[in-house]
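Take a look at the structure below.
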Amino acid sequence: MATREYTTRRLGIVNALVTKLKEINGTGDFLTNVFDNVSPRLKFWDEVEDFPAVHLNAGSETREYQGGGYKDRFLTITLRCYVNSDDSVLALDELMEDVETVLETNSRLSYTDRQGNTQTTHQITIVSIDTDEGVLEPLGVGEMQIEVHY
């Protein structure tokens with residue numbers, strides 16, 4: 001099988017992010033413990049049984065064509081954070097702070113492409129952060145949109 005120079009790397013990037021987010025364990029700089037409740041796909045509310053949880057979804061992907069046949073690729077990923085707490089606003093803020101710490105620390109993320117080669121992202125940028133602001137208390141949901149440049 002011939003190797004392709006340019007292929008989508010969505011799955012590899014999402015799986016690498018899931019692995020890094022599972023490091024949120026309530027120790028050191030982390031304020032929460034996701035108990036390995038990190039999923040590479042979004043789930044509906046009724047599917048979420050264990051809290052706190054983080055679910056990811058790869059969205060649209062764009063290309064910028066540079067000189068010499070080089071392509072910059074940009075992948076949008078949605079991260080949804082779920083909590084169940086007496087103070088859901090505080091719990092959600094702490095979880096999203098932990099997620100942001102992981103993203104900022106791993107902006108140059110190593111991942112494996114479909115051919116088994118190790119690749120590295122150029123940058124991970126947080127585009128937006130939004131929460132329910134306690135409307136669903138004791139449940140809380142927050143959403144983070146990120147852009148992965150690779």
Side-chain angles (χ1 to χ4, degrees), residues 4 6-64 71-150:
R4 295 179 179 201
Y6 291 104
T7 61
T8 183
R9 298 179 182 163
R10 301 162 63 90
L11 184 60
I13 292 170
V14 168
N15 286 339
L17 281 171
V18 166
T19 299
K20 290 296 182 184
L21 290 167
K22 285 182 177 183
E23 295 175 2
I24 298 173
N25 62 7
T27 64
D29 291 335
F30 295 119
L31 304 171
T32 57
N33 185 347
V34 292
F35 302 111
D36 284 335
N37 290 331
V38 182
S39 173
R41 69 174 190 90
L42 290 182
K43 294 182 180 181
F44 293 108
W45 266 108
D46 60 346
E47 295 178 287
V48 181
E49 297 176 357
D50 298 316
F51 297 92
V54 180
H55 300 154
L56 289 79
N57 183 58
S60 62
E61 191 171 349
T62 59
R63 307 277 196 270
E64 276 186 21
K71 298 174 195 169
D72 280 314
R73 293 165 284 193
F74 299 89
L75 173 63
T76 300
I77 297 176
T78 301
L79 294 92
R80 196 159 293 144
C81 301
Y82 299 99
V83 297
N84 186 350
S85 174
D86 290 337
D87 188 348
S88 66
V89 173
L90 176 63
L92 190 57
D93 282 349
E94 288 177 348
L95 176 56
M96 293 187 81
E97 212 175 285
D98 287 344
V99 169
E100 185 172 359
T101 297
V102 169
L103 295 174
E104 294 291 337
T105 304
N106 295 283
S107 185
R108 293 202 32 95
L109 179 70
S110 292
Y111 63 96
T112 305
D113 67 17
R114 293 186 340 178
Q115 284 78 37
N117 301 315
T118 299
Q119 305 287 345
T120 305
T121 62
H122 296 296
Q123 181 174 332
I124 297 175
T125 304
I126 297 171
V127 176
S128 66
I129 297 174
D130 194 19
T131 72
D132 70 341
E133 294 300 326
V135 171
L136 303 171
E137 201 162 74
L139 300 175
V141 63
E143 190 171 275
M144 192 177 292
Q145 297 283 330
I146 65 171
E147 180 181 72
V148 180
H149 175 196
Y150 71 97

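No hydrogens, no waters, no symmetry mates; every other heavy atom, side chains included, goes into these values. Throughout, residue positions are numbered sequentially from 1 according to the sequence presented. Values in this document were obtained by computation on a predicted structure and should not be read as measured data.
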Report task. Using the side-chain contact (heavy atoms from CB on, under 4.5 Å) rule, take Ile77 and Ile13 through it: C-alpha gap first, then chi angles, then the decisive distance, then the call. Result -> CA-CA 10 Å; Ile77 297 176; Ile13 292 170; 4.1 Å; yes

Report summary line: Here the gap from Glu143 atom CD to Leu79 atom CG, rounded to the nearest 0.5 Å, amounts to 9.0 Å

**Report entry** Whether Thr121 side chain and Val148 backbone form a donor-acceptor pair below 3.5 Å
**Finding:** no

Query raised in the report: Got a second to check how far Asp98's CG is from Asp93's CG, nearest 0.5 Å?
Result: 11.0 Å

**Report entry** Over 12 foreign heavy atoms within 6.0 Å of NZ, Lys20
**Finding:** no

**Report entry** Any pair counted as ring pair (Phe, Tyr, Trp, His ring centres under 6.0 Å), so long as it reaches residues 16-37, sequence neighbours left out
**Finding:** none

Query raised in the report: Do the rings of His122 and His149 sit parallel, tilted or perpendicular, given the 30° and 60° boundaries?
Result: tilted

Query raised in the report: Between Val83 and Ser88, which heavy-atom pair has the shortest distance, and what is it?
Result: CG2-O, 3.8 Å

Query raised in the report: Between Ser107 and Ile124, is there a donor-acceptor pair closer than 3.5 Å when you use the side chain of the first and the backbone of the second?
Result: yes

Query raised in the report: Could you state the interatomic distance from CZ (Phe51) to CG (Leu95), rounded to the nearest 0.5 Å?
Result: 11.5 Å

Report summary line: Residues pairing under salt bridge (charged side-chain N to carboxylate O under 4.0 Å, His left out) where one sits in residues 101-111, two or more places apart or in two chains, turn out to be none

Report summary line: Here the salt bridge (charged side-chain N to carboxylate O under 4.0 Å, His left out) pairs for residues 42-52, sequence neighbours left out, are Arg41-Glu47

Requested in this report: Step by step, work out the side-chain contact (heavy atoms from CB on, under 4.5 Å) result for Glu100 and Ile129.
Outcome: CA-CA 10 Å; Glu100 185 172 359; Ile129 297 174; 4.1 Å; yes

Report summary line: In terms of heavy-atom contacts, Ser85 and Ala91 come closest through CB-CB, 3.7 Å

Report summary line: When every non-hydrogen atom of Thr118 is compared with those of Ser110, the smallest separation belongs to CG2-CB, 4.5 Å

**Report entry** Minimum-distance pair of heavy atoms, taken over all atoms of Tyr111 and Ala16
**Finding:** CB-CB, 3.7 Å

Query raised in the report: Between Leu11 and Arg114, is any pair of side-chain heavy atoms under 4.5 Å apart?
Result: no

Query - Side-chain (Asn117) to main-chain (Asp113) donor-acceptor, under 3.5 angstrom - result: no

Report task. May I ask you to test the Leu17-Ile146 pair for a side-chain heavy-atom distance under 4.5 Å? Result -> yes

Report task. Enumerate the residue pairs fulfilling salt bridge (charged side-chain N to carboxylate O under 4.0 Å, His left out) with a member in residues 120-142, sequence neighbours excluded, ordered by first and then second residue. Result -> none

Report summary line: One should read off an interatomic distance between Thr125 OG1 and Leu103 CG, to the nearest 0.5 angstrom, of 10.0 Å

Return a table of donor-acceptor pairs under 3.5 angstrom between the side chains of residues 52-60 and protein atoms on other chains or two or more places apart.
none

Query raised in the report: Closest approach of Ile24 and Thr32, non-hydrogen atoms and distance?
Result: CG2-O, 3.3 Å

Query - Separation of Lys22 NZ from Asn33 CG (nearest 0.5 Å) - result: 12.5 Å

**Report entry** Any pair counted as salt bridge (charged side-chain N to carboxylate O under 4.0 Å, His left out), so long as it reaches residues 29-39, sequence neighbours left out
**Finding:** none

Report task. Start with the C-alpha distance between Thr78 and Gln145, add both sets of side-chain angles, then the distance that settles side chain to side chain donor-acceptor pair (under 3.5 Å), and finish with yes or no. Result -> CA-CA 5 Å; Thr78 301; Gln145 297 283 330; 2.9 Å; yes

Requested in this report: Measure the spacing between CZ of Arg9 and OH of Tyr150 and express it to the nearest 0.5 Å.
Outcome: 7.0 Å

